[in-house]
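Just below is one structure, and these are the notes that go with it.
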Amino acid sequence: MNPPKQRRASLLLKPLLALPALLLSGCTMAGIRLFHPAGLVAGAEMHYTLILVITMLIIIVPTLLMTIIFPLRYHHSRNAKYTPDWHFSLTIELLAWGIPFAIVAFLCYLTIQGVYAVNPWAPGILANAPGARQPPINVEVIATDWQWVFVYPDQGIATIDDLVVPSGRVVHLQMTATSNMNGFYIPQVAPMVDAMPAMESRDAFELDQPATYTGFSTDFSGAGFSWMQFSTRVVPQAEFDSWVASVQANPNQLTYAAFQKIAQPTVNAGAKPAYFSAPDKNLFGEVMTAAMQGVVYPVPDSFTKRVSDNSAQGAQAPASPQ
Amino acid sequence: MQVAVDGPWSPLLGRLSLAAIPYDNPILVSTFAVVALLGIVIIGAALYFGKLGYIWREWLTTVDHKKIGVMYIILGLVMLFRGFMDGAMMRTQQLLADGPNSPGYLGAQHGYLPPYHFDQIYTAHGTLMLFFAATPLVAGLGNLIVPLQIGARDMAFPYLNATSLWLTVSGAALCMISLFVGEFSNATWVGLMPFSEMPTNPGVGVDYWMWAFQLSSIGTTFNAINMIATIVKMRAPGMRWFRMPVYCWSSLTTNIIGLSIFPVVTVALTMLGIDRYFGTHFFTAGYGGNFMLYVNLFWIWGHPEVYFLMLPAFGLFSEIVPTFSNKALFGYPTMVAASFSIGGIGWVVWAHHFFTMGMGPELNGYFSAATMLVGIPTGVKAFNWLFTMYRGRITYATPMLWALIGLVLLLIGGLTGMMLSASVFDYTVHNSLFVVAHFHCMVLVIGAALFAGVTYWWPKVFGFKLDERNGQMYFWTFVLASLLVFVPLFYLGFAGVTRRLDYIYNPALKPLLWVSEGGIGMYFVSLFYFGKMLYVSLRDQIPAQADAWGTGRTLEWLTHTPVPFYNFAVTPQINARDELAWRKAKGVEGVQPTHYVPIHLPSNTAVPVIIGALATVFGFAMTWRIWWLSIASLLAIIIVVIIRSFDKNEGYVLSAEDIAKMENQVALASIIAEQPKRPALAQVEAH
Amino acid sequence: MATSNPTGAALALWNPGADEHDPISARTYGFWLYLIGDALLFCSLFASYAVLDNPVNAAGGPLTAQVINTPHGLWQTFIILASVLAYSLGTVSLKNGNAAGVQLGILAALLLGGAFLYISGTDLWALAAQGNGPTRSAFLSVFFTLLLTHGLHMLFGILWMLVMLVQVGVLGFTKDVVGRLLNLRLFWQFQATMWVCVYFYVYLLGGAR
Amino acid sequence: MSSHYNPLQHPEVQQGTTGRYIAAFLASAALMGGAYYASTQKLPLMEFAATAAALSLAALVSQLALFFGLNISQAQIWKGVALFLAIPLFIITIGMTVWAFSSLYSRTMPMDGMLMSGQPTLLQ
């Protein structure tokens with residue numbers, strides 16, 4: 001399935017799905033992020049969703065109409081035709097099983113196709129993407145309690161809560177976590193994938209237009225979970241290169257010891273970013289190994305019992321040792 | 001081998017100390033005041049009217065399936081109320097804590113609940129609604145109606161039945177105790193791993209959750225065994241398999257599911273328990289532990305559990321729609337086939353709850369496709385209900401209204417569920433409010449079915465109908481409230497709002513949150529009408545007919561209203577599917593038996609309620625690590641069971657004269673009437 | 001009883017006395033259902049075992065092949081089968097109400113069960129004493145849990161047998177006692193069946209890998 | 001009435017016979033002994049697994065048929081049906097769990113790659 005056709009389909013179908021949303025809350029339409037996918041992966045997700053929904057509406061809408069019409073039509077006051085003993089019809093039963101079966105078969109076919117298209121480990125849809133000819137940008141993602149650490153092994157830099165990637169390049173993400181499971185998600189951009197301690201998961205996306213998105217955790221991981229956001233900035237290649245150079249010049253180095261301080265439970269309200277040069281080459285592996293050896297970063301009692309005070313502290317406290 | 005716990009521990013009281021009582025939290029203190037006041041009023045009233053002995057003799061120690069059913073339903077409704085209050089608090093918190101400039105009250109930075117408290121509230125909401133509201137309501141209606149519909153005297157194992165009830169109650173009691181002593185779990189109702197493990201969650205909250213869950217699931221397993229054995233072994237003569245009402249079929253499938261899934265979650269919880277108590281490493285991240293294993297085991301239970309609750313709802317619709325369409329159920333055999341298909345498919349789709357965890361596309365593809373298959377039998381059921389209404393004579397009594405709205409909700413929930421089953425869509429909304437809205441649609445189907453069922457069978461049990469006028473007001477306000485609460489959640493989900501947020505980052509979402517909060521307000525209005533409905537019906541008590549709705553078709557409407565505690569004075573002979581409709585067609589629905597034979601009934605026993613109380617103590621002691629008390633209460637349970645097994649009591653016999661008297665004056669046999677003491681039989685040895 | 005409807009045909013509408021169901025068969029059926037639930041409990045343990053029997057989950061500790069004693073396992077298999085045989089022969093004496101025969105069968109089954117538990121217990125104890133206790137790794141956690149779950153079932157069965165020894169003497173063969181004896185036979189037999197699965201899966205397959 | 005009811009005449013009491021039980025014991029013990037014998041024979045893994053599985057399965061069937069006395073008579077049919085319905089669940093629980101985790105392990109736990117080279121001591 002080639003991408004341009006897909007986008008056309010999405011453009012055509014989008015208003016259909018958006019209509020009720022518009023009616024209900026026109027003012028917040030802009031906030032309904034999933035109706036504005038960016039990039040091929042999210043585009044494919046939207047595309048498949050729309051086809052699936054429309055296929056299902058083929059059966060849902062008539063059934064809904066019947067649900068409304070039958071009780072009205074056959075209300076006792078209307079004296080419509082009444083057949084008290086009619087309780088079986090082979091034709092209707094065959095249709096009742098057959099039509100859903102046909103529709104479900106089609107949906108199954110479509111959804112399996114879709115699964116391969118957006119498989120986060122190796123999205124089929126990115127195989128022929130414009131950026132596929134260039135080497136991918138590799139980013140290692142470590143979810144701590146409750147911040148995101150992004151390590152760029154090829155560039156030798158690291159950031160907190162700030163994912164910067166060049167446009168027109170495929171981005172490969174490798175994820176793990178320190179002590180709790182988190183869900184990595186950038187709506188409109190990348191599929192949701194869990195970041196899990198002692199395990200490694202992956203995600204991938206490519207965006208061709210510079211833009212800024214918000215990402216966050218989707219899997220509850222404790223008291224600071226609601227604040228666990230990060231910004232995703234897609235910038236032109238040249239800007240990315242100069243940004244990398246500026247971070248490389250940063251004197252803060254992300255050794256494993258420095259990381260252990262960062263990984264202490266911290267609420268980074270407002271997702272204030274921090275930048276590091278020369279991260280430990282094997283930081284990702286060391287975090288995974290530590291998790292496998294049973295290292296956890298326990299949340300101090302003060303955070304759990306009186307987190308209201310602490311989230312305030314967290315907002316003022318430096319997000320990272322600088 | 002006890003894992004060292006943070007903080008003080010003493011041999012006598014374990015981790016329990018005065019600091020465990022949250023007297024500094026105004027919300028909990030006021031809740032405690034209300035609960036304590038209610039408790040005092042209820043006990044005081046019972047004392048004042050001299051009913052304490054009656055409650056003990058006729059209710060707490062009963063083994064009558066109808067009384068047990070009623071108590072299940074009372075438990076379910078009380079817990080439904082508490083779960084609803086939790087839900088209201090959550091929505092209010094999200095409304096208040098919206099955006100960085102949102103104000104904070106009662107010591108919270110945003111909103112009025114600190115994250116830790118908020119997390120406990122939604123955990124409690126999920127746990128209570130599923131295990132202590134929906135499950136008891138489903139089990140209660142099943143207990144009440146299935147033996148009546150198959151013409152049985154009681155369940156196959158009345159004593160086990162009471163034990164199931166009291167184990168469920170003990171789980172609910174632990175949840176209630178956790179409000180005022182210590183804390184509840186903050187690790188969500190599914191128990192997130194490794195978050196629930198000792199290193200990251202050292203408090204007693206997870207233990208409370210674990211034991212409440214464990215005790216109630218043991219109760220539910222027993223109940224499932226009992227129901228299956230009842231349906232297989234206790235059917236009245238002539239009640240062949242394909243003469244059983246569809247509700248019994250759906251009870252059978254549901255309990256087959258229940259029996260097969262609950263052991264799995266028992267294992268998962270036990271593993272978590274020994275992790276927490278003995279320091280093993282099943283679900284930790286380190287030492288080779290695999291927390292995905294918990295997720296896997298949990299959802300092996302968790303997904304069929306959805307159908308465990310859903311199938312009885314379908315069964316209820318299948319009873320109510322024909323009655324109020326005054327027409328036989330359309331497509332009975334395919335209805336049965338669809339129930340079994342749903343049960344079977346429900347067992348092989350669990351991994352769609354963790355599409356985002358990193359299984360390969362072949363697995364995600366398989367689980368997506370398998371999940372979609374559920375749409376086929378569910379669609380068949382919907383069509384069969386529609387064609388039952390087609391060319392019927394429909395009346396809009398309250399149960400029918402609930403059934404109709406349930407059908408509409410099922411379509412919406414089904415559509416969104418089919419969307420979610422496609423993992424390509426799930427990647428965008430997993431763990432979002434869209435999911436929350438979807439499964440609330442589904443539980444509202446269950447809720448609608450349960451309200452329908454309670455309204456429908458109320459007159460059979462108590463002898464008078466619930467007030468129609470207030471019932472309909474309750475219905476409309478409830479439906480409006482549900483729409484207001486949950487439609488915005490779909491949109492919030494599309495906006496990318498995650499579930500379980502105690503703070504929402506985007507102030508632009510305020511209008512939607514307000515709509516949702518308006519729905520909560522509307523729920524309070526509907527609650528008022530619910531109370532008014534109860535009050536008016538209890539005040540007027542207009543006697544109902546045996547066939548209370550006039551168009552009943554199944555066996556339970558054949559016996560007296562209110563139903564005597566012995567169900568049928570003489571066991572009916574079954575001649576057809578929809579026996580009562582058949583008798584009406586033959587003009588013999590009023591023919592009563594001409595003579596009676598004595599009925600053998602089991603005696604009441606205090607053992608189940610004692611087991612329940614000891615189980616509560618056991619759970620509490622384990623939670624607080626009071627080892628001596630845990631061992632003592634566990635031993636006490638075993639000793640009580642052994643003592644009971646030496647009991648020679650063989651029940652009692654209701655003489656034919658007694659039956660004749662009660663048949664002429666039905667109120668004497670009603671389940672709320674106090675029965676005179678009847679001498680027990682002793683068991684004799686065989687030779 | 002039959003009654004006639006307006007058309008005069010005889011219709012059976014009521015069936016006096018038909019509510020006397022067969023209590024023993026309902027009871028063994030209910031217990032059978034419980035055993036199926038119990039089998040699913042073991043089944044989830046086996047599934048967990050299959051997942052955790054993996055070098056990743058051994059965390060550097062031993063795997064199945066290093067912690068089992070296959071010949072011991074074989075002896076345990078024979079012992080538990082013999083125990084079931086003893087109990088079953090006891091129930092053959094039940095056919096003609098021979099209380100002494102029943103008690104003898106139970107007693108033999110009980111002693112053999114005790115021997116089984118003794119072997120199991122000493123093996124596990126020795127393993128834990130080597131430092132390979134259940135807290136060593138996730139694999140050992142599931143290994144111990146699987147074997148101890150089976151052991152706890154056996155222990156419960158032995159307790160039940162003790163109670164039945166007394167009940168046969170004190171109460172005689174009442175309906176309840178006979179029902180319990182039949183259920184206990186199912187329960188004890190079920191432990192042997194589960195042990196065959198454990199022996200096959202853990203001792204033979206696990207040992208071969 | 002239950003007072004006239006002789007529990008010893010119940011078919012489930014009367015069904016047991018000494019011969020059948022002894023046969024059950026001998027069959028099960030021989031089959032399990034055979035499986036043990038196969039384990040001492042240095043067979044290739046798959047071949048041994050198949051042999052041991054077949055013998056153990058036969059031992060289970062012999063217990064079901066001879067010890068439990070499961071058959072399709074009126075007294076036992078519903079037990080048979082219950083077991084028949086449960087067997088697929090046993091297979092699904094174990095089989096699909098193993099399938100899911102085999103995929104998950106190969107994707108999320110790359111043992112021989114980065115980790116082993118980084119920390120060779122961990123898993124030794």
Side-chain angles (χ1 to χ4, degrees), chain B residues 1 152-153 156-157 160 221 225-226 228-229 232-234 236-238 259-260 262-264 266-268 271 274-275 278-282 284 286-290 293 296-297 300 570-573 575 583 586-588 591 593-597 599-600 638 642 645-646 648 683-687, chain C residues 1 3 5-7 11-22 25-27 29-30 33-34 36-41 43-45 47-48 51-52 54 56-61 97 133-142 144-145 159 163 166-167 170-176 178 180:
Chain B
M1 224 198 306
R153 198 61 81 203
F157 315 112
L160 186 70
T221 316
I225 291 173
N226 213 340
I228 301 175
V232 172
K233 294 280 181 186
M234 309 286 281
L259 172 63
S260 58
F262 274 94
V264 182
T266 301
V267 167
M271 286 176 171
I274 56 184
D275 268 8
F278 300 111
T280 54
H281 298 290
F282 283 106
T284 53
Y287 306 98
N290 189 339
L293 180 62
N296 185 68
L297 291 176
I300 289 180
V570 172
T571 303
Q573 175 74 38
N575 298 283
R583 288 190 186 200
K586 299 273 182 206
V588 294
V591 177
T594 45
H595 74 277
Y596 305 107
V597 293
I599 301 173
H600 178 213
I638 294 172
I642 291 177
S645 75
F646 280 88
K648 288 185 180 175
Q683 207 172 38
V684 281
E685 191 182 340
H687 281 295
Chain C
M1 76 199 73
T3 181
N5 71 350
T7 60
L11 294 173
L13 294 180
W14 304 98
N15 202 332
D19 55 309
E20 278 298 325
H21 295 272
D22 177 353
S25 107
R27 201 168 174 145
Y29 182 66
L33 292 175
Y34 157 75
I36 284 182
D38 215 356
L40 269 146
L41 189 143
C43 201
S44 345
L45 279 170
S48 310
V51 170
L52 295 177
N54 188 307
V56 183
N57 303 103
T135 57
R136 169 73 182 80
S137 72
F139 164 70
L140 285 167
S141 303
V142 79
F144 273 83
T145 306
L159 177 67
V163 172
V166 179
Q167 285 199 351
V170 173
L171 298 178
F173 292 126
T174 62
K175 190 180 66 187
D176 282 346
V178 171
R180 281 182 204 126

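Note: hydrogens, waters and symmetry copies are ignored here, and every other heavy atom, side chains too, is used. To find a chain, count down the sequence lines: A is the first, B the second, and so on, and within it residues start at 1.
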What's the separation between atom [atom1] in [X] and atom [atom2] in [Y], rounded to the nearest 0.5 Å?
| X | Y | atom1 | atom2 | result |
| --- | --- | --- | --- | --- |
| B/F646 | C/L171 | CZ | CG | 6.0 Å |
| C/L45 | B/M271 | CG | CE | 5.0 Å |
| C/S44 | B/L297 | OG | CG | 6.0 Å |
| C/N57 | B/F282 | CG | CZ | 11.0 Å |
| B/I642 | C/L159 | CD1 | CG | 5.0 Å |
| C/L13 | B/K586 | CG | NZ | 10.5 Å |

[X] side chain near [Y] side chain, heavy-atom distance below 4.5 Å:
| X | Y | result |
| --- | --- | --- |
| B/V264 | C/L41 | no |
| C/L52 | B/N290 | yes |
| C/L140 | B/H281 | no |

Practice task
Sort out for me which of C/G133, C/S137, C/A138 touches chain B most, counting heavy-atom pairs under 4.5 Å.
Solution key: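 Between C/G133, C/S137, C/A138, the count favours C/A138.
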
Exercise for the section: Please state whether the side chain, the backbone, both or neither of C/Y34 comes within less than 4.5 Å of a heavy atom of chain B. Expected result: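 Contact with chain B involves both backbone and side-chain atoms of C/Y34.
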
Handout entry: For B/S260, side chain to side chain donor-acceptor pair (under 3.5 Å) partners two or more places apart
Key =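 B/W347.
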
Practice task
Check salt bridge (charged side-chain N to carboxylate O under 4.0 Å, His left out) between C/R180 and all other residues, then give those that pass, not counting sequence neighbours.
Solution key: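 Testing C/R180 for salt bridge (charged side-chain N to carboxylate O under 4.0 Å, His left out), a comparison that skips the adjacent residues, returns none.
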
